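The next block holds one structure in the form of structure tokens; read it before the comments.
Just so it is clear, the values below take in all heavy atoms, side chains as well, and ignore hydrogens, waters and symmetry mates. Note that the structure is predicted; figures quoted are calculated from it, not measured.
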Amino acid sequence: MRFADSQYLWLMLLLIPVALIFIADFFRQRKKIADIGDAPLVKSMITGYSWRRDAVKRVLLLVILALLVVIIARPQMGTRVSNEKRNGIEVVVAIDVSNSMLATDVAPSRLEKTKMLVSNMIDHFSEDKLGIVVFAGDAFVQLPITNDFVSAKMFLQSISPALISTQGTDIARAITLSSASFTQAEGIGKAIIIVTDGEDHEGGATEAAQKASGRGYNIVVMGVGSTKGSPIKMADGDYLKDNTGNVVMTALNEQMCQEVASAGKGLYIHVDNTSSAQDQLDDFLSRLQRGETENVSYSEYAEQAPWIALIIVILLIIEALLVRKDGVIFSRIKQFLSRIAAPHAAPLLLLFILATASAGAQTKDRMHIKNGNRHFRSGLYDKALADYQKAVAANSQNPQALYNYGCALLMQNQDSSAIEYFQAASKIEKNKFRLSKSYHNIGFICQRHQMYGEAIEAYKESLRLNPTDDETRYNLALCQRNKQQQGGGQSDSNNDDKQQGNDKQQNTENDKNSDADKQNKPQQRSSISKDNAERLLNAAMQQERATQKKIKDAQRQGSRHLDKNW
């Protein structure tokens, strides 16, 4: 049980003066009776008088007023945990993020082509699970295996070479880490998809592929690029140069990719500017054995205002029928109708009508949000955007509608408009947790555009509201590091983020009845789960420690990673 607009519960304080007025009026009536004469005698002469009935009527009016306040605060009930059975496959995608993946021999670049390919693959998933591993000279888990495809796409878009400072192509490490990312479910097809240009191979990849194949994992190696070679265009528009000042030319090592695929008894696919690679991948995945997996889901919050409105109607009828202790039912109904028309009953009735109408309007915008959340989870961002727009039109003061609208705009790369709606939501949102998500997403957009100063401020504000958010803290650390590098004249690309959620989903705000429906998760849980967030943060911290260790080892051994940065 919760209240969506709990700030209105402060209106309950108004019941105190109303109760004092009723008490004062009660004693005033007793004083009038005492002034007339002997109190018991006067009361016996007043037809139908009963001080007990009079007290009950006043209590009923107070209860009715309290319930009206409850309606305005929008009570909701739900969050029932349920286990859903799904019939699908498990896929872990290992993406090469070395600088050579910025080459443009495949349009718009090897890395962007990879993102498009994986994104299209996700669009065909329904009951499957997906994990993402990024690697260069090292590897770490970008997204633990999940069926939260909204979060998967958000993590996918945040991938860049800046995630790993150690250059190279350590496919063996990527395969090993991918193998450890699957669930323990049996009787289900599991595939490791390695997307790489294969240049500057570290060694040990064929052995790792053989071991993964022996454990029953299907290996797919997707070689991205051209064997003729291409320069590497950096974020500043210039081409990457080696230590001698010559422009670096990077080429697809197709032979190595084929050897890894052959060792893993899997499939090699060449990724070029056509759609053939996408077709081959989809066909391969469609032939994998589909098995039963368990998915934990959460029910939505349901509005309880209509039920409370019904209780108010019943209480009003009871209050009106408590007129005379000797009256019959027909006379009471007649008096009830006359009391509705009485001038002193009009304000209360008007307040009831307005509260009921308000609840109806709020339910309408919540329905639009619910529909938008469903489309958001399915990746139908255009339809989700239309639903959220209707929700905002129905209630422009609904912070969850504004937040989810911003999430849908963000997924369509309309960053400037998305920031406007996140800022609008932050101005009226009272819930600290949901407010922190708005600032988190503002920080993500600034981070994506390398506006690290603004991103740092937004992440700090998010942490002030939700100090336990490890993902925000991790993104803040990345921005602070990139800002230092940027100040030192180095060019940086975007870094990772969560979208909740948002929870929430991501993610849209999955306020369970709202947001991309979590929620935003627009919150499903349009957001990544807490367990996944902790696993991601731990993986990132482990990767950072491993990276620092490799750099120190390279400094002692004269490793080529200090001389080669692609």
Side-chain angles (χ1 to χ4, degrees), residues 4-5 150-151 153-154 157-158 361-362 364-377 379-449 451 454-455 457-459 461-462 465-466 469 472 475 494 497-527:
D5 298 319
V150 174
S151 295
K153 283 197 171 186
M154 295 185 67
Q157 292 305 317
S158 69
Q362 291 168 348
K364 184 177 181 180
D365 68 78
R366 301 296 288 184
M367 288 301 297
H368 288 311
I369 292 176
K370 180 179 179 180
N371 293 334
N373 293 341
R374 185 173 65 253
H375 291 138
F376 193 96
R377 287 198 307 272
L380 304 174
Y381 302 121
D382 290 337
K383 293 183 178 180
L385 197 65
D387 287 321
Y388 296 143
Q389 189 174 27
K390 292 177 182 177
V392 172
N395 183 7
S396 61
Q397 296 302 306
N398 187 330
Q400 291 145 14
L402 295 170
Y403 174 86
N404 288 7
Y405 195 25
C407 289
L409 291 169
L410 177 61
M411 296 306 296
Q412 294 186 318
N413 295 320
Q414 300 182 40
D415 290 349
S416 58
S417 298
I419 281 187
E420 292 180 8
Y421 280 92
F422 288 138
Q423 290 175 336
S426 67
K427 292 178 181 178
I428 58 178
E429 180 61 75
K430 303 300 182 183
N431 183 287
K432 288 186 177 182
F433 175 76
R434 295 199 294 261
L435 182 57
S436 70
K437 295 176 69 176
S438 291
Y439 283 112
H440 179 99
N441 286 356
I442 292 173
F444 168 74
I445 294 174
C446 294
Q447 180 179 358
R448 187 155 74 176
H449 293 275
M451 300 166 60
E454 293 82 353
E457 292 304 315
Y459 285 139
E461 187 63 32
S462 178
L465 297 164
N466 184 17
D469 192 338
T472 301
N475 284 7
N494 303 330
D497 175 57
K498 163 190 173 185
Q499 171 188 89
Q500 112 137 9
N502 249 67
D503 68 57
K504 263 38 73 295
Q505 354 258 128
Q506 100 304 215
N507 172 315
T508 54
E509 163 61 26
N510 284 315
D511 142 71
K512 311 289 190 200
N513 191 21
S514 120
D515 6 296
D517 175 42
K518 206 183 160 226
Q519 169 26 239
N520 133 102
K521 26 141 150 185
Q523 88 116 22
Q524 92 177 353
R525 207 156 125 182
S526 25
S527 50

With rounding to the nearest 0.5 angstrom, report the [atom1] to [atom2] distance, [X] to [Y].
X: Leu435; Y: Ser462; atom1: CG; atom2: OG; value: 8.5 Å
X: Gln400; Y: Arg434; atom1: CD; atom2: CZ; value: 4.0 Å
X: Ile419; Y: Ser426; atom1: CD1; atom2: OG; value: 11.0 Å
X: His440; Y: Ile445; atom1: NE2; atom2: CD1; value: 10.5 Å
X: Asn371; Y: Lys383; atom1: CG; atom2: NZ; value: 11.5 Å
X: Glu461; Y: Thr472; atom1: CD; atom2: OG1; value: 12.0 Å

task: Evaluate the criterion side-chain contact (heavy atoms from CB on, under 4.5 Å) for residue pair Leu385 and Tyr405; output intermediate values, then yes/no.
output: CA-CA 6 Å; Leu385 197 65; Tyr405 195 25; 2.9 Å; yes

Looking at [X] and [Y], what are the two nearest heavy atoms and their distance?
X: Gln423; Y: Ile442; result: CG-CD1, 3.8 Å
X: Asn466; Y: Ser436; result: CB-OG, 3.6 Å
X: Ala384; Y: Gly372; result: CB-O, 3.4 Å
X: Gly406; Y: Ala418; result: O-CB, 3.4 Å

statement: Residues pairing under salt bridge (charged side-chain N to carboxylate O under 4.0 Å, His left out) where one sits in residues 394-422, two or more places apart or in two chains, turn out to be Asp415-Arg448

query: Should Leu402 and Val392 be marked as a side-chain contact (heavy atoms from CB on, under 4.5 Å) after you check the CA-CA gap, both sets of side-chain angles, and the distance that decides it?
result: CA-CA 6 Å; Leu402 295 170; Val392 172; 4.0 Å; yes

Identified side-chain contact (heavy atoms from CB on, under 4.5 Å) partner of Cys407 from the options Tyr421, Tyr388, Phe422: Phe422

message: Could you go through Tyr403 and Glu429, starting from their C-alpha distance and side-chain angles, then the distance that decides it, and tell me whether this counts as side-chain contact (heavy atoms from CB on, under 4.5 Å)?
response: CA-CA 9 Å; Tyr403 174 86; Glu429 180 61 75; over 6 Å; no

- prompt: Any side-chain heavy atom of Cys446 within less than 4.5 Å of one from Tyr459?
  reply: no

